[in-house]
Amino acid sequence: MAHDHGNDENHSHEHSHIDFAEMLPMLEQEAELFTPLYTQATAWLRELRPDPEMIVDAGSGPGVISCLLADTFPKARVVAVDGAAPLLEAARARAARLGIADRFSTLEAELGDGLGDLEYPADLLWASRSLHHVGDQRGALAGFADRLTPGGTLALVEGGLPSRNLPRDIGIGRPGLQARVDAVEQEWFARMRADLPGAVVEDVEDWPALLTAVGLRHTGTRTFLLDLPAPVSDEARAFVATALTHRREGLAEGLEADDLATLDRLLDPDDRASVFHRPDVFVLTALTVYVGVKP
């Protein structure tokens, strides 16, 4: 299902099915917190493509970034595309609150099936961490390229670095908790990819090469950093608690008993060592944007 939300490590489920509509509150919470990062990325895109008339957010989720794109490009029309109707409803409500409903619309479609009944080709197509939820990533990229205008730009957000929210040694449990959780997450991610309909596992995730393979000209790659050092805001602390809870619930079967016990302490509001109270909580992550242009 299409989405534009959250680092992979925050998408953990005990199986490969993900109900993105159920994740709506967390998706909005994360995208709003990550807005400084996305603002940097969209400002860079404005330098590369200053005047798009039609922007498509492929895998828009609840529309936080769709609306940011509309703000970055005030003359453009924005279409948010996602496979989850409740997320698109949230996107329309956000656009209305922000006063941009007159140039904002939504389209319910699965990215693996192309972009559905998109009325006009896109001058700028943004796909943020949605492609990896399509079995045939190269096929989906070819579909994206097909829906671009000549000279149109595809901005693909994939990869980056795992998020960090705590020091290596947090004073409880074994040091290196987040690295061990990441390792379990990667195993889950591989299973998720393998279980997707039409999964193509032999494609190497060399994104510039894949952009080239579908007929686009790779014109740039940049990585953008979100650095919210301790002491964090209440909003950042709440996000860390939400994301950690999601990982604790989704990865429990793959984690060792002592790491589960440490996570339980970190998520106990009555424990002074929890993320609700500790002064060393931070948010540090990096996302990479690959840009391709249609000849």
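All residue numbers refer to positions in the sequence shown, counting from 1.
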Donor-acceptor list for residues 139-151 side chains, cut-off 3.5 Å, not counting sequence neighbours:
| residue | atom | partner | partner atom | Å |
| --- | --- | --- | --- | --- |
| R147 | NH1 | G116 | O | 3.3 |
| R147 | NH2 | L118 | O | 2.9 |
| T149 | OG1 | A122 | O | 3.4 |
| T149 | OG1 | D123 | OD1 | 3.2 |

Item to check | Set of side-chain hydrogen bond (donor to acceptor under 3.5 Å, both in side chains) partners for T242, sequence neighbours left out | outcome: Q29

Checklist entry - Which pairs with one or both residues in residues 166-187 pass ring pair (Phe, Tyr, Trp, His ring centres under 6.0 Å), sequence neighbours excluded? => result none

Checklist entry - Do side-chain atoms of N165 reach the backbone of F282 as a donor and acceptor pair under 3.5 angstrom? => result yes

Next on the checklist: Using a 3.5 Å distance criterion without hydrogens, assess whether the side chain of R193 forms a donor-acceptor pair with backbone atoms of G135.
Outcome noted: yes

Checklist outcome for this item: Residue set satisfying ring-ring contact (aromatic ring centres under 6.0 Å, His included) with F224, at least two apart, ordered chain then number -> W44

Next on the checklist: Does R217, at its CZ atom, have more than 12 non-hydrogen atoms belonging to other residues, nucleotides or ligands within less than 6.0 Å?
Outcome noted: no

Checklist entry - Counting only heavy atoms not in Q40, do more than 12 sit closer than 6.0 Å to its CD atom? => result yes

Determine whether [X] and [Y] make a side-chain contact, defined as any pair of heavy atoms from C-beta on separated by less than 4.5 Å.
X    : Y    : answer
V291 : H218 : no
L196 : V134 : no
E185 : L251 : yes
D259 : V181 : no
I170 : T262 : yes
T223 : L161 : no

Checklist entry - Should the ring pair F34 and F239 be called parallel, tilted or perpendicular, given that the plane angle runs from 0 to 90° and is split at 30 and 60? => result perpendicular

Checklist entry - Which value, rounded to the nearest 0.5 Å, describes the distance between T42 atom OG1 and L68 atom CG? => result 4.5 Å

Checklist entry - Which residue pairs pass the side chain to side chain donor-acceptor pair (under 3.5 Å) test with at least one member in residues 96-107, sequence neighbours excluded? => result R92-T106

Does the pair [X]/[Y] count as a salt bridge with the N-to-O cut at 4.0 Å?
X    : Y    : value
R94  : E32  : yes
D258 : R180 : no
D51  : K75  : no

Item to check | Residue pair R247, D182: steps toward the salt bridge (Lys or Arg N to Asp or Glu O under 4.0 Å) verdict | outcome: CA-CA 10 Å; R247 300 184 80 186; D182 284 343; 2.9 Å; yes

Checklist entry - Can you find a side-chain donor-acceptor pair between H132 and Q137 that sits under 3.5 Å? => result no

Checklist outcome for this item: Applying salt bridge (Lys or Arg N to Asp or Glu O under 4.0 Å) to D271 and not counting sequence neighbours gives R265

